Amino acid sequence: MSRSKTAIARRLRARGTEAEQRAWLILRNRRCLGLKIRRQVVIGGFVVDFYCSELRLVIELDGGIHADPEQRRYDRARDAVLRRLGEMVIRIPNERVSRRVLEGAILEVRGKR
(Lines give C-alpha, C1' and ligand atoms only; values in the text may rest on other atoms or scores of the structure.)
Protein backbone atom coordinates (compact mmCIF):
# COMPACT_ATOMS: atom_id res chain seq x y z
CA MET A 1 0.00 0.00 0.00
CA SER A 2 1.46 3.30 -1.01
CA ARG A 3 2.01 6.01 1.55
CA SER A 4 0.00 8.46 -0.53
CA LYS A 5 -3.09 6.20 -0.64
CA THR A 6 -2.81 5.69 3.11
CA ALA A 7 -2.61 9.45 3.61
CA ILE A 8 -5.64 9.96 1.36
CA ALA A 9 -7.59 7.34 3.33
CA ARG A 10 -6.63 9.03 6.59
CA ARG A 11 -7.81 12.43 5.29
CA LEU A 12 -11.08 10.92 4.05
CA ARG A 13 -11.71 9.33 7.45
CA ALA A 14 -11.24 12.73 9.08
CA ARG A 15 -13.76 14.50 6.89
CA GLY A 16 -16.43 12.08 5.72
CA THR A 17 -19.63 13.12 4.04
CA GLU A 18 -22.85 13.33 6.02
CA ALA A 19 -23.95 9.97 4.57
CA GLU A 20 -20.60 8.38 5.51
CA GLN A 21 -20.92 9.71 9.04
CA ARG A 22 -24.47 8.30 9.32
CA ALA A 23 -23.34 4.94 7.96
CA TRP A 24 -20.32 4.87 10.28
CA LEU A 25 -22.56 5.31 13.33
CA ILE A 26 -24.42 2.18 12.20
CA LEU A 27 -21.42 0.10 11.07
CA ARG A 28 -18.70 0.84 13.65
CA ASN A 29 -17.76 -1.27 16.67
CA ARG A 30 -19.52 -4.38 15.34
CA ARG A 31 -22.89 -2.62 15.72
CA CYS A 32 -24.13 -4.03 12.43
CA LEU A 33 -24.76 -7.77 12.57
CA GLY A 34 -21.68 -8.23 14.76
CA LEU A 35 -19.35 -7.71 11.78
CA LYS A 36 -16.03 -5.87 11.92
CA ILE A 37 -16.27 -3.13 9.34
CA ARG A 38 -13.56 -0.57 8.67
CA ARG A 39 -13.85 2.71 6.81
CA GLN A 40 -11.71 4.30 4.11
CA VAL A 41 -9.60 1.22 3.45
CA VAL A 42 -7.08 0.86 0.60
CA ILE A 43 -7.77 -2.24 -1.52
CA GLY A 44 -6.14 -2.87 -4.89
CA GLY A 45 -4.91 0.71 -5.02
CA PHE A 46 -8.38 2.14 -4.41
CA VAL A 47 -9.73 3.78 -1.26
CA VAL A 48 -13.11 2.18 -0.53
CA ASP A 49 -15.72 3.72 1.75
CA PHE A 50 -16.30 0.69 4.01
CA TYR A 51 -14.85 -2.82 4.08
CA CYS A 52 -15.71 -6.08 5.84
CA SER A 53 -12.84 -8.54 5.44
CA GLU A 54 -14.87 -11.45 6.85
CA LEU A 55 -17.28 -11.20 3.92
CA ARG A 56 -14.78 -9.65 1.49
CA LEU A 57 -17.37 -6.94 1.06
CA VAL A 58 -16.87 -3.37 -0.13
CA ILE A 59 -19.67 -0.93 0.65
CA GLU A 60 -19.66 2.23 -1.44
CA LEU A 61 -21.93 5.18 -0.75
CA ASP A 62 -22.88 7.11 -3.86
CA GLY A 63 -23.66 10.82 -3.86
CA GLY A 64 -24.72 12.98 -6.77
CA ILE A 65 -21.33 12.88 -8.53
CA HIS A 66 -21.89 9.18 -9.23
CA ALA A 67 -24.73 10.08 -11.65
CA ASP A 68 -22.20 11.71 -13.99
CA PRO A 69 -21.62 9.39 -17.00
CA GLU A 70 -17.83 9.65 -16.75
CA GLN A 71 -17.91 8.87 -13.02
CA ARG A 72 -20.23 5.91 -13.68
CA ARG A 73 -17.75 4.47 -16.19
CA TYR A 74 -14.94 4.89 -13.67
CA ASP A 75 -17.05 3.27 -10.93
CA ARG A 76 -17.87 0.26 -13.15
CA ALA A 77 -14.19 -0.23 -14.06
CA ARG A 78 -13.12 0.15 -10.42
CA ASP A 79 -15.78 -2.31 -9.24
CA ALA A 80 -14.63 -4.80 -11.89
CA VAL A 81 -11.05 -4.62 -10.59
CA LEU A 82 -12.23 -5.14 -7.01
CA ARG A 83 -14.37 -8.14 -8.07
CA ARG A 84 -11.36 -9.67 -9.86
CA LEU A 85 -9.54 -9.38 -6.52
CA GLY A 86 -12.34 -11.47 -4.98
CA GLU A 87 -14.27 -8.64 -3.36
CA MET A 88 -18.02 -8.17 -3.59
CA VAL A 89 -19.07 -4.56 -4.11
CA ILE A 90 -22.39 -3.03 -3.16
CA ARG A 91 -23.36 0.56 -3.87
CA ILE A 92 -25.91 2.43 -1.81
CA PRO A 93 -27.17 5.91 -2.68
CA ASN A 94 -26.43 8.46 0.07
CA GLU A 95 -30.11 9.21 0.59
CA ARG A 96 -30.87 5.54 1.32
CA VAL A 97 -28.34 5.10 4.14
CA SER A 98 -30.18 3.57 7.08
CA ARG A 99 -29.76 0.59 9.38
CA ARG A 100 -32.46 -1.32 7.50
CA VAL A 101 -30.86 -0.77 4.08
CA LEU A 102 -27.29 -1.50 5.25
CA GLU A 103 -28.27 -4.64 7.16
CA GLY A 104 -30.45 -5.85 4.29
CA ALA A 105 -27.64 -5.44 1.77
CA ILE A 106 -25.12 -7.17 4.04
CA LEU A 107 -27.50 -10.05 4.78
CA GLU A 108 -28.04 -10.53 1.06
CA VAL A 109 -24.28 -10.70 0.48
CA ARG A 110 -23.79 -13.00 3.46
CA GLY A 111 -26.28 -15.42 1.88
CA LYS A 112 -24.22 -15.48 -1.32
CA ARG A 113 -20.88 -16.16 0.40
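Here the structure is a predicted model, which is why all the values come from computation and not from measurement.
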Checklist entry - Using the ring of each side chain (for Trp, its six-membered ring), is W24 parallel, tilted or perpendicular to F50, with breaks at 30° and 60°? => result parallel
Checklist outcome for this item: Rounded to the nearest 0.5 Å, the CG atom of L82 sits from the CZ atom of R56 at a distance of 10.0 Å
Next on the checklist: A side-chain contact here means heavy atoms from C-beta on lying under 4.5 Å apart; do L61 and T17 qualify?
Outcome noted: no
Checklist entry - Any salt bridge (Lys or Arg N to Asp or Glu O under 4.0 Å) pairs touching residues 57-74, not counting sequence neighbours? => result E60-R78, D62-R91
Item to check | Sub-4.5 Å side-chain heavy-atom contact between C52 and I106 | outcome: no
Checklist outcome for this item: Quick note, side-chain hydrogen bond (donor to acceptor under 3.5 Å, both in side chains) partners involving residues 43-53, not counting sequence neighbours, are Y51-E87
Item to check | side chain to side chain contact (heavy atoms under 4.5 Å, CB included) assessment of L57 paired with I90 | outcome: CA-CA 8 Å; L57 172 64; I90 58 174; 3.9 Å; yes
Checklist entry - Going only through I, L, V, M, F, W and Y residues with side-chain contacts under 4.5 Å, is there a path from I37 to L25? => result no
Next on the checklist: Give me each pair satisfying salt bridge (Lys or Arg N to Asp or Glu O under 4.0 Å) with a member in residues 25-35, each pair once, sequence neighbours excluded.
Outcome noted: none
Next on the checklist: Just to verify, what does E103 make a salt bridge (Lys or Arg N to Asp or Glu O under 4.0 Å) with, not counting sequence neighbours?
Outcome noted: R99
Item to check | For E18, all residues meeting side-chain contact (heavy atoms from CB on, under 4.5 Å), sequence neighbours excluded | outcome: R22
Checklist entry - Given the rule that I, L, V, M, F, W and Y join up when any side-chain heavy atoms are under 4.5 Å apart, are V89 and Y74 in one cluster? => result yes
Checklist entry - Within a strict 4.5 Å, meaning less than it, do heavy atoms of the L102 and L27 side chains meet? => result yes
Item to check | Flag side-chain contact, heavy atom, 4.5 Å: R110 against L35 | outcome: yes
Checklist entry - Which heavy atom in V97 sits nearest to a heavy atom in A19, and how many Å separate them? => result CG1-O, 4.0 Å
Item to check | Interatomic spacing from CG in L33 to CG in L107 - rounded to 0.5 Å | outcome: 5.0 Å
Next on the checklist: Under the rule for side-chain contact (heavy atoms from CB on, under 4.5 Å), what residues qualify as partners of R100, not counting sequence neighbours?
Outcome noted: S98
